[in-house]
*Asks:* 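Questions regarding the structure given below will be posed in turn.
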Amino acid sequence: MESQSVYTGNEDSEIVRIGRQNEYLNRVAAPYLDEVFAACVHPAVLDVGCADGKSIVERLGGRDYAFLLGIDKNPQKIAAANERLADERKAFLCLDVETDAVVEDLRRVLDSRNRTGFDVIHVASALLHMQDVQRVLDRLYGLLVPGGWLFIQDEDDGFNMVYPHDDSFDDCFYAWDHSLESGDRAMGRKIPYMLQKSGYEDIRVLSTTINSTDFNGEMKETLWDLYFNSDLWAADDSSFYDNEEAYRRFLAYRERHAALREAYRRGEFFAMIGFLYMTARKK
């Protein structure tokens, strides 16, 4: 039987995992988004990779915007978003930003709203899963109004650390890095260069982390469940990895997982996972 993807969001555990991650990162992103929205008046907002829409609606809660359009290539997610969240200011479409056809589709939406482009485009934890990020950034540049803002949140494992060192965490990160569904784990560091190539200006890079002491330790248990729980982020199937070594190291990590988790809960490890936020403007 074909293995089910651990990243489709169809499993209850993955839905919970992503929800908890977004709840935390929404709080961290707030001051950066405040700066963007302070520079805009009643903006038109595009969210790329909106999934079921819950995260972007929560992230923009309390902020002024004329309308929000969320796009995602997963039809089930878009159906759920429209059923639960769509209204006169919010709509969701099943579109793939990696296709050329998406520009014409979005232009039709803008025309229907008497807009020439989007004032804010938001992309969170999506670029690392795309094949041609440079082309996507070029495409988004063309969809912004002059002076419009691009806000990006993405991941970069260069910020990841666990202390004291334990070889089992090396196995964890290696398997994670070589999972076929984990995306480009070094994407964060690449985006600023690609933004420059696409013609964006006023590029700001804002690094942040989730770590086990955040919010007075509130994130301690959540951090483990989000990133170090082998039952959530990795699959017991060699076809999910790009080499046999990655699968072998996943199995080794899973073997020690319970003991490591208990040691972590006792405070024997400090753990940190890295993210990058970026803002940029169209000339």
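Worth knowing before you read on, the calculation uses all heavy atoms, side chains too, and leaves out hydrogens, waters and symmetry mates.
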*Asks:* Please determine which of Thr279, Leu195, Val205 meets the side-chain contact (heavy atoms from CB on, under 4.5 Å) test together with Ile152.
*Replies:*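 Among Thr279, Leu195, Val205, the one that satisfies the side-chain contact (heavy atoms from CB on, under 4.5 Å) with Ile152 is Leu195.
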*Asks:* Between Phe169 and Phe269, does the ring centroid distance fall short of 6.0 Å?
*Replies:*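 Yes, the ring centres sit under 6.0 Å apart.
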*Asks:* Would you call Asp100 and Arg139 a salt bridge, taking side-chain N to carboxylate O under 4.0 Å as the test?
*Replies:*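 Result for this pair is yes, salt bridge flagged.
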*Asks:* Name the orientation class of the two ring planes belonging to Phe173 and Phe228 (parallel below 30°, tilted from 30 to 60°, perpendicular beyond 60°).
*Replies:*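 Perpendicular, since the angle between the ring planes exceeds 60°.
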*Asks:* Test of understanding: with ring-ring contact (aromatic ring centres under 6.0 Å, His included), list the residues that count as partners of Phe67, not counting sequence neighbours.
*Replies:*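 Not a single residue meets the ring-ring contact (aromatic ring centres under 6.0 Å, His included) criterion with Phe67.
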*Asks:* Would you check if the side chain of Ser238 reaches a backbone N or O of Tyr247 as a donor-acceptor pair within less than 3.5 Å?
*Replies:*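 Pair absent, no side-chain N/O of Ser238 close to backbone of Tyr247.
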*Asks:* Please confirm whether the backbone N or O of Gly147 pairs with a side-chain atom of Arg281, one donor and one acceptor, at under 3.5 Å?
*Replies:*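 Answer holds: yes.
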*Asks:* Just wondering, more than 12 heavy atoms not from Lys90 lying within 6.0 Å of its NZ?
*Replies:*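 Yes, the 6.0 Å shell around NZ holds more than 12 heavy atoms from other groups.
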*Asks:* Test side chain to side chain contact (heavy atoms under 4.5 Å, CB included) on Leu68 and Arg89 and set out the steps.
*Replies:* CA-CA 6 Å; Leu68 164 67; Arg89 285 204 309 158; over 6 Å; no
*Asks:* Answer yes or no: are there more than 12 heavy-atom neighbours, outside Arg204 itself, under 6.0 Å from its atom CZ?
*Replies:*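 For Arg204, atom CZ is not crowded (no more than 12 foreign heavy atoms under 6.0 Å).
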*Asks:* What's the separation between atom CZ in Arg261 and atom CH2 in Trp224, rounded to the nearest 0.5 Å?
*Replies:*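 Spacing of CZ (Arg261) from CH2 (Trp224) equals 8.0 Å.
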*Asks:* Checking one residue: Met272. Which other hydrophobic residues are in its cluster under the side-chain 4.5 Å linking rule?
*Replies:*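 Same cluster as Met272: Met161, Phe270.
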*Asks:* According to side chain to side chain contact (heavy atoms under 4.5 Å, CB included), who are the partners of Gln131, at least two apart in sequence or on a separate chain?
*Replies:*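 Testing Gln131 for side chain to side chain contact (heavy atoms under 4.5 Å, CB included), a comparison that skips the adjacent residues, returns Glu98.
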*Asks:* Can you see which heavy atom on Leu144 is nearest to which on Lys282, and at what distance?
*Replies:*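 What the structure gives for the nearest pair is O-NZ, 2.9 Å.
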*Asks:* Run the side chain to side chain contact (heavy atoms under 4.5 Å, CB included) test against Leu93 and tell me which residues pass, sequence neighbours left out.
*Replies:*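 By the side chain to side chain contact (heavy atoms under 4.5 Å, CB included) rule, Leu93 matches Leu69, Ile71, Leu95, Val109.
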*Asks:* side-chain hydrogen bond (donor to acceptor under 3.5 Å, both in side chains) with Ser125: which residues, sequence neighbours excluded?
*Replies:*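 In terms of side-chain hydrogen bond (donor to acceptor under 3.5 Å, both in side chains), with neighbours along the sequence ignored, Ser125 is linked to Gln153.
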*Asks:* In sequence, state the C-alpha distance, the side-chain angles, and the governing distance for Val97 and Leu140, and then conclude on side chain to side chain contact (heavy atoms under 4.5 Å, CB included).
*Replies:* CA-CA 9 Å; Val97 75; Leu140 297 179; 4.0 Å; yes
*Asks:* What pairs with Tyr200 under ring-ring contact (aromatic ring centres under 6.0 Å, His included), at least two apart in sequence or on another chain?
*Replies:*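 Residues passing ring-ring contact (aromatic ring centres under 6.0 Å, His included) with Tyr200: Tyr141.
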*Asks:* Can you see which heavy atom on Asp154 is nearest to which on Ala126, and at what distance?
*Replies:*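 Asp154 and Ala126 have their closest heavy atoms at OD2-N, 3.9 Å.
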*Asks:* What do the steps show when you test Val120 against Tyr65 for side chain to side chain contact (heavy atoms under 4.5 Å, CB included), and what is the final call?
*Replies:* CA-CA 10 Å; Val120 178; Tyr65 57 89; over 6 Å; no
*Asks:* Output the distance between atom CG (Asn243) and atom CG (Leu180), rounded to the nearest 0.5 Å.
*Replies:*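 If I round to the nearest 0.5 Å, the distance is 9.0 Å.
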*Asks:* Using the test side-chain hydrogen bond (donor to acceptor under 3.5 Å, both in side chains), find all partners of Asp214 that sit at least two apart in sequence or belong to another chain.
*Replies:*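 Here the qualifying residues are Tyr24, Asn211.
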*Asks:* Could you check Asp156 against Arg189 for salt bridge (charged side-chain N to carboxylate O under 4.0 Å, His left out), going step by step and ending with a plain yes or no?
*Replies:* CA-CA 7 Å; Asp156 196 300; Arg189 73 193 69 174; 2.6 Å; yes
*Asks:* For the pair Asn26 and Ser55, evaluate side chain to side chain contact (heavy atoms under 4.5 Å, CB included) and give the outcome as yes or no after the intermediate values.
*Replies:* CA-CA 8 Å; Asn26 286 348; Ser55 179; 3.7 Å; yes
*Asks:* Would you say Leu223 and Tyr264 make side-chain contact, with heavy atoms under 4.5 Å?
*Replies:*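 Contact flag for Leu223/Tyr264 side chains = yes.
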*Asks:* Rounded to the nearest 0.5 Å, how far does OG1 of Thr209 lie from CZ of Phe159?
*Replies:*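 Phe159 CZ to Thr209 OG1: 9.0 Å, rounded to 0.5 Å.
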*Asks:* CD of Glu255: more than 12 outside heavy atoms within 6.0 angstrom?
*Replies:*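 No, CD of Glu255 has 12 or fewer neighbouring heavy atoms, counting only those of other groups under 6.0 Å.
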*Asks:* Enumerate the residue pairs fulfilling salt bridge (charged side-chain N to carboxylate O under 4.0 Å, His left out) with a member in residues 115-124, sequence neighbours excluded, ordered by first and then second residue.
*Replies:*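 Qualifying pairs, neighbours excluded: Arg115-Asp119.
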*Asks:* Just verifying a value: how many Å separate Phe92 CZ and Ile78 CD1, rounded to the nearest 0.5 Å?
*Replies:*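 Going from CZ on Phe92 over to CD1 on Ile78, the span is 7.5 Å.
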*Asks:* Counting only heavy atoms not in Arg135, do more than 12 fall under 6.0 Å of its CZ?
*Replies:*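 No.
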*Asks:* Going by the side-chain hydrogen bond (donor to acceptor under 3.5 Å, both in side chains) test, which pairs reach into residues 102-111, not counting sequence neighbours?
*Replies:*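 For residues 102-111: Glu104-Arg108, Asp105-Arg108.
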*Asks:* Please identify each residue that fulfils side chain to side chain contact (heavy atoms under 4.5 Å, CB included) with Val133, with sequence neighbours left out.
*Replies:*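 Applying side chain to side chain contact (heavy atoms under 4.5 Å, CB included) to Val133 gives Leu127, Met130, Leu137, Met187, Met194.
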*Asks:* Using salt bridge (charged side-chain N to carboxylate O under 4.0 Å, His left out), reason through Asp171 and Arg248 one step at a time and then give a plain yes or no.
*Replies:* CA-CA 9 Å; Asp171 292 337; Arg248 184 194 67 77; 5.3 Å; no
*Asks:* Hey, could you give me each pair passing salt bridge (charged side-chain N to carboxylate O under 4.0 Å, His left out) that has a residue in residues 24-33? Not counting sequence neighbours.
*Replies:*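 Passing the test, one end in residues 24-33: Arg27-Glu218.
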*Asks:* Side-chain contact test, heavy atoms from C-beta onward, threshold under 4.5 Å: evaluate it for Tyr253 versus Leu260 and give yes or no.
*Replies:*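 SC-SC contact between Tyr253 and Leu260 confirmed.
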*Asks:* Taking only residues two or more places apart in sequence or in another chain, which ones pass ring-ring contact (aromatic ring centres under 6.0 Å, His included) with Phe151?
*Replies:*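 His122, Tyr277.
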*Asks:* Check Phe240 against Glu181 and note the closest heavy-atom contact, atom names and distance.
*Replies:*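 Minimum heavy-atom contact is CE2-OE2, 3.7 Å.
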*Asks:* List the steps and the verdict of salt bridge (charged side-chain N to carboxylate O under 4.0 Å, His left out) for Arg59 and Asp47.
*Replies:* CA-CA 11 Å; Arg59 182 165 278 191; Asp47 182 42; over 6 Å; no
